[in-house]
Amino acid sequence: MAHRDDIQGLRAVAVLLVVLGHAGVPFLSGGYVGVDVFFVLSGFLITAILLAEFADRGSISLLGFYLRRARRILPAAALTLVVTDIAAHHLLNFVRAREAVNDSIWSALFAANVHFAQQGSDYFAQGQPPSPFLHFWSLSLEEQFYLVWPSLLALLLALRFRRLLLVLVMVGGGSLAWSIHIAPVSPAAAYYSTFARTWELALGASLAVAAPHLGRLPARAGFAFGWLGLVSIGCAACSYSERTPFPGSAALMPTVGAALVIGAGLVARQTVVGAGRFLALAPFRYLGDRSYAFYLWHWPVLILASQYAGHELSLGAKLALVVFAFVLSVVSYRFVENPVRRMRFTLRVSGVLWPASATAVVVVALFIVGSIDQTAGRFEAAAAAVHPARLVRASAPERTRALAAVVAAVRQAERRVPLPSPVTPSPGNLRGDFYGFPDGCSSRDGETSSKLCRLGAANSPKKIVVIGDSHAQMWMPPILRMAKRDGWAVIPFVKPRCIPRTWSSKGECGRWYRWATRRAAGLHPAVTLVIGSWMAVWAPERAVRPVGVLATAMKRVSASVIVVGDVPGQKRDPTDCLLASRATMATCTNEATRVQLATNGAIAANARNNGIGFVDTLGWFCGHPRGSSARYLCPLVVNRTVTCVDRGHISRTYGLELAPAFRLAFRRELFR
């Protein structure tokens, strides 16, 4: 366990890949593999230290191990959490600041990966800005691994169990198999999962166990292993992207590469031109020593700056922020991390280091949350006092013309009028203003069926079947209000995330779709509403065909079939837009793209040609600017009401305001 300069150099390579990848350097789209290199390094170093301690003393002090870990990671981590919380409170709007502070508490308790896995699996949480503490998931995962492995290793060594490598291979093999299975099925769960990543730490641990045997390899093997390992890591960083299913089998390239580099350094004789000599150069060693602090600081700096600016930063700006983060890491390493690590604490002081650090973070977080809640309360009270004018008059709106309130909002956007204040629903709880099905009435992730629920006028013999994705869910408020008024029982077949182009797949969405259409057909409803998300497609035919196929199939068993048009949505997150300084109606107005308009038009034409009804919702959200009949502007605020809760889903409040318009359009298509 002599100090190895090449390992410090490998740390530098790993942190550079992560940081430059996060900064958006074009050829490092897979820079996130640097985290996997860290996992292999951690598994190797921790296991090697514990084995060396056992060889020297004949036992392992678990208390000593955890106290060393506490001194190593807690002071710098706690400093980053507290400073970032304070910065978020001052730089971000109160909604994002509250989210960040909540994330910091999970991070302080080393449960960030569990927290972010839950968020990543929540369909309606997707598209939100990344947390400034997102990178703490890897630290949490490591610490969870270290809650188990040192104790297990100490027990096996105490029992004189000589097949440590076999245990590691079995645990690592099971973890790798699970990772390969779960990565394409549930990417968010796989990415943050401790068990889906355990094999990477086990790989490093196996290397430590096998170290005595590797020392006998010839120098040529060390040369080949070292450079092959570095090339493997580099290839993964350059060729992978966000679309790569990860970790799974894709993680083998960078992790095996890291293991080869570490193993090369174990060879007794090193060549002059070996990878280890390259990694041991002074700049790499310097950066490697500060890699932990650099990793902690770089992500909050990038995220807070981007969210404060309100737009994506240029590559040059991000690189300048990376330099600033490195300066912070040098300072914190010099005055916090290194001094604390080298201090001689008493057992009592060392034992309270973790609870003291966690308590400090939580106390600061709760103080900030108290301040934020006061601001949120004022917004909620103001929103509750808003009473928008009636959106739709008694007479039916023209089919080809936007609602008068939408036209007025478009004119305000053209004049760059400031946003009305207050608005409803409150920007502080915008995502909460969305319809939720009764438990079991929609199909969740991993499910391919659901209960058959009768909503609206549940006992009515007249049945409306609703089939679709989350965009069907967002239209439930006006559908149910209409149903209760006119005596319809509404039976939903809804699965968020399963958009029309996935209905013909062989996966989960395809299985759900086949179940839903089969059960819906067996009900022989009076009306079938087909509602899906298709405004985000890049080619109209990817949505036209599946929607047309479903509508045509249901026409055979349903007295009427009506397709409900999709809405263009917003390009910027509504919460951030509403709470931005100097926000205007113009800055919070989106223009529908040509592809969106073409897709909507093609689906409408396909429906008409096949004798299927079509409810055109475009005029309820968008209107023509002056002097143009081809463009559509879609304001975020209409009639003092926020139309969207995120970039693609309408708010429950605005949906209810549209209930009269929806009913008129529905009846027109039903009785035409």
Side-chain angles (χ1 to χ4, degrees), residues 123-124 126-127 435 437 442-450 464-476 479 490-521 525 527-558 560-569 592-618 621 644 646-650 662 669:
Y123 176 74
F124 297 102
Q126 294 178 9
Y435 175 80
F437 283 106
S442 67
S443 183
R444 294 174 295 188
D445 276 354
E447 299 177 345
T448 56
S449 65
S450 61
I464 296 176
V465 160
V466 179
I467 305 179
D469 54 21
S470 61
H471 283 219
Q473 182 173 346
M474 74 185 186
W475 281 110
M476 289 303 294
I479 292 172
V490 179
I491 305 171
F493 293 88
V494 173
K495 184 172 177 61
R497 200 190 302 269
C498 289
I499 60 179
R501 63 182 176 86
T502 69
W503 292 348
S504 60
S505 70
K506 295 181 180 179
E508 182 180 312
C509 288
R511 293 195 298 274
W512 165 82
Y513 173 78
R514 290 186 287 275
W515 168 85
T517 52
R518 184 174 65 254
R519 294 301 302 270
V527 181
T528 297
L529 291 178
V530 178
I531 312 176
S533 169
W534 57 68
M535 284 298 198
V537 299
W538 54 269
E541 61 272 12
R542 292 173 65 87
V544 174
R545 186 177 183 279
V547 172
V549 167
L550 173 59
T552 303
M554 290 304 299
K555 189 179 179 183
R556 302 189 190 102
V557 296
S558 181
S560 297
V561 177
I562 300 173
V563 176
V564 178
D566 199 12
V567 298
T593 67
R594 292 182 180 180
V595 173
Q596 289 175 331
L597 297 175
T599 303
N600 215 48
I603 289 179
N606 181 270
R608 302 294 187 203
N609 293 338
N610 289 283
I612 294 166
F614 183 80
V615 173
D616 190 355
T617 64
L618 189 62
F621 297 86
C644 295
D646 55 24
R647 297 184 185 185
H649 299 93
I650 70 173
F662 190 96
E669 295 303 311

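Computed over heavy atoms, backbone and side chain alike; hydrogens, waters and symmetry mates excluded. None of the values given here were measured: they were computed from a predicted structure.
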Worksheet item: Do Thr528 and Ile467 come within less than 4.5 Å of each other through their side chains, counting heavy atoms only?
Response: yes
Worksheet entry | Which residues share a ring-ring contact (aromatic ring centres under 6.0 Å, His included) with Phe437, sequence neighbours left out | Tyr435
Item to complete: Name all pairs fulfilling the salt bridge (charged side-chain N to carboxylate O under 4.0 Å, His left out) condition that reach into residues 507-518, sequence neighbours left out, sorted by first residue then second.
Response: Lys495-Glu508
Discussion item. Hydrogens and angles aside, do Ser450 and Ser443 bring a side-chain donor and acceptor to less than 3.5 Å of each other?
Written reply: no
Practice prompt. Measure the CH2-CG distance between Trp512 and Asp469 for me, rounded to the nearest 0.5 Å.
Written response: 7.5 Å
Worksheet item: Heavy-atom distance under 4.5 Å between the side chains of Val490 and Met476, does that happen here?
Response: yes
Worksheet item: If you measure from CD1 on Ile479 to CD on Gln473, what distance do you get to the nearest 0.5 Å?
Response: 11.0 Å
Worksheet item: Is there a side-chain contact between Cys509 and Arg497 (heavy atoms, below 4.5 Å)?
Response: no
Worksheet item: To the nearest 0.5 Å, how far apart are CH2 in Trp475 and CD1 in Ile531?
Response: 8.0 Å
Discussion item. Could you check, using the six-membered ring where one of them is a Trp, whether Trp515 and Phe493 have ring centers closer than 6.0 angstrom?
Written reply: yes
Discussion item. Are Val527 and Ile562 packed together at the side-chain level, in the sense that at least one heavy-atom pair is separated by less than 4.5 angstrom?
Written reply: yes
Discussion item. Checking Glu541 now: which residues fulfil side chain to side chain donor-acceptor pair (under 3.5 Å) with it, not counting sequence neighbours?
Written reply: none
Worksheet item: Just how far is it from atom CE of Met474 to atom OG of Ser533, taken to the nearest 0.5 Å?
Response: 7.5 Å
Item to complete: Let me see the working for Asp616 and Phe614 under side chain to side chain contact (heavy atoms under 4.5 Å, CB included), right down to the final yes or no.
Response: CA-CA 6 Å; Asp616 190 355; Phe614 183 80; 3.8 Å; yes
